[in-house]
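Encoded as structure tokens, the structure appears first; notes follow it.
Because the structure is a prediction, the values reported are computed rather than measured. Naming: A, B, ... by sequence-line order, numbering from 1 per chain.
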2 protein chains.
Amino acid sequence: MVNETQHTCSASSSSRSDGGSSSGSESSKDNSRCSTPVLDADRHERLREKMRRRQDAGDKWFSLEFFPPRTANAAVNLISRFDRMGAGGPLFIDVTWHPAGDPGSDKETSSMIIANTAVNYCGLETILHMTCCNQTKDDITGHLQKAKRLGLKNIMALRGDPAGEEWEEEVDGFNYAVDLVKHIRNEFDDYFDICVAGYPKGHPEAESYEADLRHLKEKVFAGADFIITQLFFRPETFLKFMKDCQAIGITCPIIPGIFPIQGYHSLRQLVKLSKLEVPQEIKDVIEPIKDNDAAIRNYGVELAVSMCRELLDSGMVHGLHFYTLNREVATTEVLKRLGLWKEDPRRPLPWAVSAHPKRRVEDVRPIFWASRPKSYIYRTQEWDDFPNGRWGNSSSPAFGELKDYYLFYLKSKSPREELLKMWGEELTGEESVFEVFTCYITGEPNRNGYKVTCMPWNDDPLATETNLLKDQLEKVNRRGILTINSQPNINGKPSTDPIVGWGPSGGYVFQKAYLEFFTSSEIATALLKVLKKYELRVNYHIVNVKGQNITNAPDLQPNAVTWGIFPGREIIQPTVVDPVSFLSWKDEAFALWIEQWAKLYEEESPSRMIIQYIHDNYYLVNLVDNDFPLENCLWQVVEDTFELLN
Amino acid sequence: MVNETQHTCSASSSSRSDGGSSSGSESSKDNSRCSTPVLDADRHERLREKMRRRQDAGDKWFSLEFFPPRTANAAVNLISRFDRMGAGGPLFIDVTWHPAGDPGSDKETSSMIIANTAVNYCGLETILHMTCCNQTKDDITGHLQKAKRLGLKNIMALRGDPAGEEWEEEVDGFNYAVDLVKHIRNEFDDYFDICVAGYPKGHPEAESYEADLRHLKEKVFAGADFIITQLFFRPETFLKFMKDCQAIGITCPIIPGIFPIQGYHSLRQLVKLSKLEVPQEIKDVIEPIKDNDAAIRNYGVELAVSMCRELLDSGMVHGLHFYTLNREVATTEVLKRLGLWKEDPRRPLPWAVSAHPKRRVEDVRPIFWASRPKSYIYRTQEWDDFPNGRWGNSSSPAFGELKDYYLFYLKSKSPREELLKMWGEELTGEESVFEVFTCYITGEPNRNGYKVTCMPWNDDPLATETNLLKDQLEKVNRRGILTINSQPNINGKPSTDPIVGWGPSGGYVFQKAYLEFFTSSEIATALLKVLKKYELRVNYHIVNVKGQNITNAPDLQPNAVTWGIFPGREIIQPTVVDPVSFLSWKDEAFALWIEQWAKLYEEESPSRMIIQYIHDNYYLVNLVDNDFPLENCLWQVVEDTFELLN
């Protein structure tokens with residue numbers, strides 16, 4: 001909490017700490033307020049600064065390398081993996097550049113789009129690889145411009161493998177990675193952080209190890225910020241390399257590339273590509289167990305852990321870069337055993353922050369997209385300001401339309417067959433829909449024995465926080481209050497609370513109780529009568545698919561429903577019920593009935609018509625209990641509604 | 001709390017309430033967020049809209065007329081009167097235009113500057129009178145431009161009295177008020193709300209009562225928004241006039257001008273000016289008591305109350321306009337007896353809101369100027385945005401400089417002799433300064449028997465809220481912790497709390513404990529050592545006059561110290577400890593030692609040198625206890641400091 005610029009001198013000494021603002025008589029002219037409450041320095045730092053800060057703090061870190069997937073389904077899986085592995089706290093991830101896979105295109109599987117997803121939707125600091133040989137300057141500039149536009153901030157500049165056997169240098173072309181580094185610095189100044197590759201054994205095509213070191217120095221002096229090395233098998237290989245680099249004046253961070261051996265074939269393939277030789281002592285272990293994948297992986301984990309320990313113990317290594325081969329288990333295991341895997345339950349905000357540079361000041365979102373954060377980010381990607389016009393004078397562009405609805409990251413992770421098992425091969429009426437909702441809440445298997453682990457509005461199982469409301473939610477869903485979002489009220493719990501806490505420690509978090517659901521017109525009508533009794537306490541919005549909208553929100557103002565009070569900071573109110581964005585959410589919430597559920601069934605089938613009926617006739621309702629210090633009254637509101645109906 | 005556009009229809013009906021935002025499928029494109037949490041509609045409405053809203057709500061109101069003072073001292077008194085009478089809840093005040101007093105000038109006593117002060121510093125909706133005869137078009141446009149620039153929004157358009165006896169109409173000149181109305185509408189479009197004068201008995205110079213009514217209609221049709229009448233003595237005079245106006249098609253509000261008789265001479269003078277005749281029944285009462293001011297005033301109050309009652313009871317009158325003659329007692333008495341004086345202890349924000357249109361979104365201020373709000377407004381008058389750059393991207397102009405320090409509204413209301421009695425004719429050392437501070441806190445007389453009712457940093461007696469801390473404050477001031485600002489911690493009191501409440505009802509208000517004081521370098525040094533123990537809990541700034549500044553504020557961020565949670569709204573955090581503005585406040589806080597205190601004494605006198613010494617050597621300290629749910633630890637911090645010193 002202490003300002004880094006603080007001086008520990010006594011008040012009577014002459015030293016000063018004015019933290020960037022000139023003091024003395026000029027101070028009143030120098031007004032440089034921060035434009036937003038900053039929750040973590042992380043959001044405002046460049047990768048190279050983060051690296052430096054962690055190193056200075058003696059804080060070890062790791063990073064993860066992935067390659068782009070081949071199919072759209074694999075992309076959906078990879079993104080879930082990003083979310084899961086992101087939770088362990090990598091400093092960054094990187095995505096390789098596959099020239100054969102149209103890497104700069106808009107395809108769901110391209111390097112560019114996978115990196116874009118990692119940054120924007122998973123909130124991960126990301127390095128995009130880029131190769132330059134056999135490409136025109138214009139192509140490369142185009143890729144870089146696109147990367148910048150998408151919010152990518154870091155490039156790994158590589159030569160890439162020449163296309164044919166016979167490769168000749170082109171005059172003025174991009175023959176080496178150093179040409180790409182120079183080009184990036186020429187065209188984009190200091191915008192990107194640039195990483196280059198180092199070869200602990202020397203590049204296989206270099207004249208000599210020494211010559212390769214000189215090439216590396218050229219790359220660094222041309223503007224690279226740090227180095228990630230090719231994989232190696234012995235820690236002393238890296239440590240020697242690092243000393244040799246330092247000896248010729250390379251002072252930037254050098255990050256060892258760690259390759260946990262995960263299988264016989266992947267090792268062989270890698271060795272072939274990298275032209276590295278596997279040391280005899282490793283071959284001796286692997287060859288006898290080459291058909292036992294588990295045994296090889298266990299050995300690989302052992303080997304990686306011991307090598308990493310040696311590297312870290314040397315005092316020369318601050319971060320470790322893992323070649324994951326897009327797999328999760330081995331790398332995660334190594335990291336856990338090293339104590340580097342830090343699943344931090346504390347969140348800087350109640351929702352996952354996007355790593356896009358223009359979203360770094362984002363600190364408020366409508367509660368509606370709580371379970372669909374990627375959709376929210378997608379639909380607000382054209383916004384230039386966050387918060388968008390709420391407290392400023394900026395113009396307020398609309399939410400993105402639903403026409404690109406089928407974009408893969410808006411789809412469910414589950415395939416159609418699974419969804420049918422969960423949500424019913426055949427629906428017999430609205431009640432069978434109530435049942436699906438109820439099973440999702442309770443976690444009990446449905447009548448066919450399948451657990452309902454996702455819903456069109458929630459692609460993940462029930463959140464821990466929602467679990468606090470489980471019994472109540474079950475009761476109301478059985479009776480046709482089809483809940484899709486809710487939170488309990490909270491009156492000042494410590495910000496470190498494992499379930500509802502977020503933000504820096506030493507603070508207090510608060511919530512107003514919130515409940516959002518679909519319900520029939522009959523129930524909605526009764527509810528509205530009941531709400532008269534709660535007029536001064538409960539704010540509501542009741543809307544149907546046509547946009548008929550009933551509310552008691554004063555002047556269409558947003559209602560803050562989550563906020564936090566922290567030492568030395570402004571109040572942060574990261575979620576609001578915003579009447580204006582609710583009308584955009586409503587379009588999406590209703591569309592999900594059709595897009596994700598109705599379309600599982602044949603056209604004109606009774607099941608499809610039941611969902612269609614609900615879509616056409618139900619109301620979407622949200623309720624906020626403003627009296628957060630008292631017991632949540634929303635359950636009583638619902639109880640009163642059912643009583644009125646009886 | 002219910003949105004005015006709310007429909008009470010049932011959810012299944014087809015009516016809708018979308019409050020200005022188009023609903024249905026277009027809704028997602030229409031994003032019109034409010035730019036700031038709006039506390040009261042008042043701040044965003046024009047005067048004519050407020051009048052209409054109050055009338056529609058059946059809500060009676062009053063307004064007050066003042067004339068500009070003759071001397072700077074009288075101006076200071078008048079402004080205090082604005083503050084006191086503003087507390088009763090006038091819909092607006094108006095300031096007359098005195099052509100002889102250089103009314104458009106920058107003099108402290110000009111009509112323009114008095115109206116400016118009422119709007120900007122007292123937060124009162126204000127109408128500036130303006131006369132047009134014997135003035136050039138350019139002069140008038142200049143006055144109007146200046147009025148607009150100063151934030152004035154309403155003009156009373158009058159002809160004014162011709163200068164000489166022989167008055168001839170000028171071709172194309174401003175001969176009548178209607179010419180001024182037309183000019184305002186031509187040159188300033190709809191910017192100003194325009195008021196014109198009505199004469200219940202007809203203008204004395206008009207050919208006839210009927211001709212005068214036609215003139216009035218012309219003024220209204222030229223663009224006037226409402227009418228205030230000349231005074232009259234019988235309610236039926238006004239009611240007949242109002243009916244006659246309506247009969248010829250005048251539909252705008254007509255506000256009766258009420259003149260509570262306050263003395264024999266003022267009545268005679270007014271009658272002479274207005275060429276009105278005093279009814280015989282009034283003369284019969286007044287003549288016998290003409291030398292008994294109190295008796296006349298009592299009679300005047302009786303008469304005004306009974307006339308106002310009759311007017312209000314007629315159902316035709318919604319507001320009453322009072323000619324105060326710059327006096328307080330009679331008008332206040334009438335208003336209290338009518339039940340119109342509504343001293344509302346509830347505040348929309350913890351500080352008084354300025355009525356300047358560009359400050360209407362202002363909802364946060366640094367706590368430092370809590371006792372000097374006029375100075376804060378003055379020093380931020382060049383700001384274009386409120387909050388200034390805090391949550392937006394606007395540039396952040398500096399606080400205004402102190403060079404215009406002597407502006408009358410920054411001065412103390414008390415004359416030099418009184419200040420000397422309170423603060424000491426002669427100081428014998430720092431201890432005598434401690435005593436002055438202590439007496440201010442306790443309210444006990446000083447050693448010479450005088451109560452200390454103001455300090456350079458607090459021109460008013462101790463606030464009720466500060467009184468909560470009185471005992472603790474007394475103790476620390478005695479020992480040289482010279483407090484100038486403080487607030488207790490509050491953990492969620494109802495917004496209607498009579499002492500600490502603010503904002504709409506149904507909310508909860510919170511505070512972090514705050515303490516600001518001057519203290520010696522010795523105490524500051526010890527304090528800094530003690531603060532190490534409280535590092536995670538207490539934020540501090542310690543600065544001396546040279547700007548040597550020690551703080552543990554994270555990244556120079558503002559620390560919210562007052563906030564409120566309200567139904568259906570965003571969080572409001574109206575006061576912050578802002579590290580950047582603190583350095584501007586520091587200049588002012590130190591300068592007040594010299595400007596207000598040291599300069600009471602002869603140059604080189606021991607008293608003056610004591611204050612000068614404190615100014616040069618003391619530190620200004622502020623402390624925030626971030627742990628608002630716990631007991632305030634700041635007293636313990638001070639206690640620990642004294643212990644360390646012993």
Completion exercise
Correct closest heavy-atom pair for B:P567 and A:N539 would be C-OD1, 3.8 Å
Handout entry: From B:Q573 atom CD to A:Q573 atom CD, the distance as rounded to the nearest 0.5 Å
Key = 8.5 Å
Practice task
With rounding to the nearest 0.5 Å, note down the distance linking CD in A:E570 to CG in B:D578.
Solution key: 8.0 Å
Practice task
Could you tell me which residues satisfy ring-ring contact (aromatic ring centres under 6.0 Å, His included) with B:Y508, sequence neighbours excluded, listed by chain and number?
Solution key: A:F628
Fill in the blank from the handout: With sequence neighbours left out, the residues meeting side-chain contact (heavy atoms from CB on, under 4.5 Å) with B:P574 are B:L349, B:P350, B:W351, B:W502, B:T562, B:I572
Problem - Non-hydrogen atoms of A:R569 and B:K512 that approach each other most closely - result: O-NZ, 4.4 Å
Problem - Heavy-atom pair of closest approach, residues A:F566 and B:N559 - result: O-OD1, 4.3 Å
Fill in the blank from the handout: Turns out that what part of B:F582 lies under 4.5 Å from chain A's heavy atoms comes down to neither
Practice task
Could you go through the side chain to side chain contact (heavy atoms under 4.5 Å, CB included) check for A:I565 and B:F510 one step at a time?
Solution key: CA-CA 10 Å; A:I565 316 296; B:F510 294 79; over 6 Å; no
Practice task
Examine distances only and state if a side-chain atom of A:N626 and a backbone atom of B:G507 form a donor-acceptor pair shorter than 3.5 Å.
Solution key: no
